[in-house]
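Data block below; observations after.
Counting starts at 1 for both ligands and their atoms, in listed order. Since this is a predicted model, take the numbers as computed values, not measurements.
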Amino acid sequence: MKKYKLILFSTLSLLITPVYANDNAEQLFNERCAACHSINDNSHITLRERLQEKAPTLYYAGNKFNRAWLQTWLAAPSKIRPGGYSFFNNVNVTDEGDVIDESKITTHIAVNSTLAALLTDYLMAQTPKSDLIALEKVTLGKINRSLGSKDFNKFKGCGSCHQDEEGYGGVSGPQLYESIQRLQPEFIASYTRNPEAWDPKTLMPNRHLNDNSIKKLLNYLNVISQ
Ligand code: HEC
Ligand code: HEC
């Protein structure tokens with residue numbers, strides 16, 4: 001038994017310390033990331049499977065993230081979803097509101113800057129949804145902050161699931177107070193317009209917003225991300 005363990009251990013060490021050349025970002029992803037993240041079309045999965053997923057899909061990463069943000073984040077990750085991806089396992093519903101069980105929120109693995117650059121190139125090449133992005137024409141502008149906040153929280157109800165300020169707002173969706181740094185504006189517009197087009201099992205409701213409403217929301221996200 002002891003000998004077997006030793007052999008297994010040496011084999012594992014060989015597996016996790018290869019030198020990564022430029023063309024094996026895919027291998028790197030499969031070894032380090034694929035245990036949690038899907039990279040292929042997962043839109044056909046059932047709701048049950050969707051709720052069991054450990055991490056967000058990276059299937060359309062190249063249509064979603066800003067390259068500079070992605071590369072920096074992979075080397076020094078920070079929280080994106082206050083309640084984690086499986087917020088329903090990590091959040092206790094109480095009379096005082098949703099309380100996050102912080103002991104269940106794990107820190108994301110970090111990679112060194114060379115691997116971050118390699119993985120960024122690989123992920124930014126995943127662009128199966130370019131047709132949806134091409135439908136959006138976004139020019140970021142400004143909006144009065146308190147009017148924007150009222151629109152986001154009170155009229156459109158986004159704040160019941162998303163934070164527009166650190167520690168303030170809902171926890172079932174990703175925080176949005178730094179979304180303009182993190183996400184391509186056309187992705188934000190497209191996901192807000194039609195969440196199911198990106199994720200058929202999304203828990204985000206489609207509010208059938210018109211172009212003007214979407215523009216106002218983007219301008220607000222722009223103002224709060226400064
Ligand atoms: C143990 C599981 C696990 C592993 C392994 C893992 N991740 Fe993650 N990843 C997560 C979770 C959970 C989140 C959501 C974090 C959050 O929202 O705060 C996440 C978020 C991300 C995001 C942001 C996705 C989004 O839609 O917001 C990227 C990009 C990412 N991971 C890339 C990677 C890469 C590249 C690797 C391999 C080097 C990797 N991850 C390995 C669990 C994992
Ligand atoms: C009932 C809860 C709920 C409401 C209300 C809601 N969302 Fe969402 N939203 C979600 C969830 C859940 C996701 C996807 C979660 C994930 O990938 O982890 C999401 C994703 C997003 C994303 C993509 C962010 C990313 O990092 O992947 C954007 C942008 C977004 N929502 C904007 C909005 C806006 C703008 C509104 C108001 C019009 C809104 N949402 C209302 C729950 C909600």
among protein heavy atoms, the one nearest atom 33 (C) of ligand 2 is M204 CE, 3.4 Å
Write out the residue and atom name of the closest protein heavy atom to atom 26 (O) of ligand 2, then the distance separating them to 0.1 Å. R182 NH1, 2.8 Å
Which heavy atom of the protein is the closest neighbour of atom 29 (C) of ligand 1, given with residue, atom name and distance? L70 CD1, 3.5 Å
Please list, in number order, the atoms of ligand 2 under 4.0 Å from a heavy atom of L176. 32 (C)
Against heavy atoms of L74, which atoms of ligand 1 measure under 4.0 Å? 32 (C), 35 (C)
Closest approach of any protein heavy atom to atom 36 (C) of ligand 2, naming residue and atom: C158 SG, 2.8 Å
I80 and ligand 2 - part of the residue with a heavy-atom distance under 4.0 Å: neither
Run the salt bridge (charged side-chain N to carboxylate O under 4.0 Å, His left out) test on E49 and K201 for me, step by step, so that the C-alpha distance in whole Å, both residues' side-chain angles and the decisive distance to 0.1 Å come before the verdict. CA-CA 10 Å; E49 286 165 336; K201 298 293 183 308; over 6 Å; no
A side-chain contact here means heavy atoms from C-beta on lying under 4.5 Å apart; do M204 and H162 qualify? yes
Is there a path of hydrophobic side-chain contacts, each under 4.5 Å between heavy atoms of I, L, V, M, F, W or Y residues, that connects Y168 with L217? no
Only heavy atoms of G157, strictly under 4.0 Å: list the atoms of ligand 2 that pass. 5 (C)
Does a donor on one side chain and an acceptor on the other come within less than 3.5 Å for D41 and Y60? no
min-distance protein heavy atom vs atom 5 (C) of ligand 1 -> R32 O, 3.4 Å
Quick note on ligand 1: atoms under 4.0 Å from a heavy atom of L119 include exactly 38 (C)
Under 4.0 Å between heavy atoms, the region of P205 that gets near ligand 2 turns out to be side chain
Can you give me the closest heavy-atom contact between A25 and L119, atom names plus distance? O-CD2, 4.4 Å
Would you mind running through ligand 2 and noting each atom that sits below 4.0 Å from a heavy atom of F187? 23 (C)
Of S86, G83, P174, A189, which has the heavy atom at the shortest distance from atom 13 (C) of ligand 2? P174
Quick test: of every protein heavy atom, which one is nearest to atom 7 (N) of ligand 2, and how far off is it to 0.1 Å? H162 NE2, 2.8 Å
Of all protein heavy atoms, the one nearest atom 28 (C) of ligand 2 is Y191 CD2, 4.1 Å
Numbering as shown, the atoms of ligand 2 that approach C161 to under 4.0 Å (heavy-atom distance): 1 (C), 2 (C), 3 (C), 4 (C), 5 (C), 42 (C), 43 (C)
Looking only at heavy atoms, is any part of L183 under 4.0 Å from ligand 2, and if so is it the side chain, the backbone, or both, or is it neither? side chain
Mark yes when over 12 heavy atoms from residues, nucleotides or ligands other than K79 sit less than 6.0 Å from its NZ; otherwise mark no. yes
Is it true that the side chains of Y191 and T202 contain a donor and an acceptor less than 3.5 Å apart? yes
Between Y220 and L147, is the side-chain contact (heavy atoms from CB on, under 4.5 Å) condition met? List the steps. CA-CA 9 Å; Y220 177 59; L147 284 183; over 6 Å; no
Would you say the ring centroid of W198 lies under 6.0 angstrom from that of F187? yes
Between N63 and Q126, does any side-chain donor sit less than 3.5 Å from a side-chain acceptor? no
Below 2.8 Å, which protein N, O or S atoms neighbour atom 8 (Fe) of ligand 1, ignoring water? H37 NE2, H108 NE2
Counting from 1 in the order shown, the ligand 1 atoms closer than 4.0 Å to a non-hydrogen atom of K64 are 25 (C), 26 (O)
For the 3.5 Å polar cut-off, considering only N or O atoms, please tell me whether R207 and ligand 2 meet it. no
Does a side-chain heavy-atom distance below 4.5 Å link Y177 with S225? no
Students should be able to answer this: which protein heavy-atom is nearest to atom 15 (C) of ligand 1, and at what distance? R81 NH1, 4.3 Å
Is there a donor-acceptor contact under 3.5 Å linking the side chains of D211 and S213? no
What protein heavy atom is closest to atom 12 (C) of ligand 1, reported as residue, atom name and distance in Å? K54 O, 3.5 Å
Please list, in number order, the atoms of ligand 2 under 4.0 Å from a heavy atom of S172. 12 (C)
